[in-house]
Novice: 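This is the structure I want to talk about, given as structure tokens.
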Amino acid sequence: MSTTGAAADPLAALGSLPGVPESVESVRKAVDRTYGHRIMRRRSNEITSEAALRGARGSAALSGADWALEEVRRRTDFSGDDEARVMGASLRLTAEAGQLLSIWRQSPLRVLARLHLVAAASDDDRVGRPRQGGEPVDEPLVELPLPSAAEAHGRLEGLSELIIAGGSAPALVTAAVVHGELLALRPFTSHNGLIARTAERIVLVGSGLDPKSVCPAEVGHAELGRAAYLAAFDGYVSGTPDGMAAWIAHCGKAVELGARESTAVCEALQRGAA
């Protein structure tokens, strides 16, 4: 995250990059359309539950477990193989995210540690804390050089300070930076991609942009595909204004697609087909 010294509120500065205000406005309109659907007034809990399931499926797909939605609904055992464990971790994280909203703004590092505990579901002593020097990281999706443990710790602290301080940055910008920074740092020994996307969801919900959690960005990230996801992420890692703007726009498009997905669910419920 190339923001040091850019402004007193570096995330707000990112919000003024070319194309970003348009992305922010487009996301707001997409979210408002979903919330304005007549089904949301009567059956919002059903939409939230469905969005959680579809979001978990989308995030797992990016981490190598690309299952059909009906297979996710059908399965009860997620311990059989690597893909099943990824899917199980994604489902657990999605369920846990809503329990951590009140803690996030006060102690984001505590939330991230909790997310790793939930995802890993292991008593390994490397679980639930940032990695230490020399510890390997299992994150096959991201092949970029791994920052040292010391750099990861320092940047994680910096990210935490920005979140706690708050500011005037749009929710989309903050969510995109949290997502990108966690993916770049890979601060844990495993499940960093799943955690990064869960943290993005927490920001979008906790900010009030998507308070009922019905516009799952994970759905959009999966629909846009791994290649586009990684290309946009390369822009984030570059730290250039154009690269950062491209990443934020990509995250914005993902939220819009998540909103579209839930609008389609609303339409199906209205027709009595779901």
Novice: Under 4.5 Å between any side-chain heavy atoms of Thr263 and Arg260, yes or no?
Specialist: no
Novice: Can you tell me if CD on Gln106 sees more than 12 non-hydrogen neighbours from other groups inside 6.0 Å?
Specialist: yes
Novice: How about His191 and Glu139: does a side-chain donor come under 3.5 Å of a side-chain acceptor?
Specialist: no
Novice: Any chance the side chains of Asp138 and Thr189 put a donor and an acceptor closer than 3.5 Å?
Specialist: no
Novice: Verify the distance criterion only: is there a donor paired with an acceptor across the side chains of Asp242 and Thr240 at less than 3.5 Å?
Specialist: no
Novice: Given side chains that start at C-beta, do those of Arg131 and Arg126 come closer than 4.5 Å, heavy atoms only?
Specialist: no
Novice: Residues in salt bridge (Lys or Arg N to Asp or Glu O under 4.0 Å) with Glu96, at least two apart?
Specialist: Arg114
Novice: With sequence neighbours excluded, give me every salt bridge (Lys or Arg N to Asp or Glu O under 4.0 Å) pair touching residues 79-90.
Specialist: Asp82-Arg85
Novice: Does the side chain of Val177 come within less than 4.5 Å of Tyr236's, by heavy atoms?
Specialist: yes
Novice: Quick one: list whatever passes salt bridge (Lys or Arg N to Asp or Glu O under 4.0 Å) with Arg38, sequence neighbours left out.
Specialist: none
Novice: Side chains of Thr34 and Ser262: is there a donor and an acceptor less than 3.5 Å apart?
Specialist: no
Novice: Near Asp123 CG, under 6.0 Å, is it more than 12 heavy atoms from other residues, nucleotides or ligands?
Specialist: no
Novice: Going by atom types only, do Tyr35 and Arg41 share a side-chain donor-acceptor pair under 3.5 Å?
Specialist: no
Novice: Tell me whether Glu135 is salt-bridged to Arg129, with the criterion being a basic N under 4.0 Å from an acidic carboxylate O.
Specialist: yes
Novice: Is it the case that Ser59 and Arg197 place a side-chain donor and acceptor less than 3.5 Å from each other?
Specialist: yes
Novice: Taking CZ in Arg110 as the centre, count heavy atoms belonging to other residues, nucleotides or ligands within less than 6.0 Å. Is the count above 12?
Specialist: no
Novice: Considering only heavy atoms from C-beta outward, does the side chain of Leu109 approach that of Glu157 to under 4.5 Å?
Specialist: yes
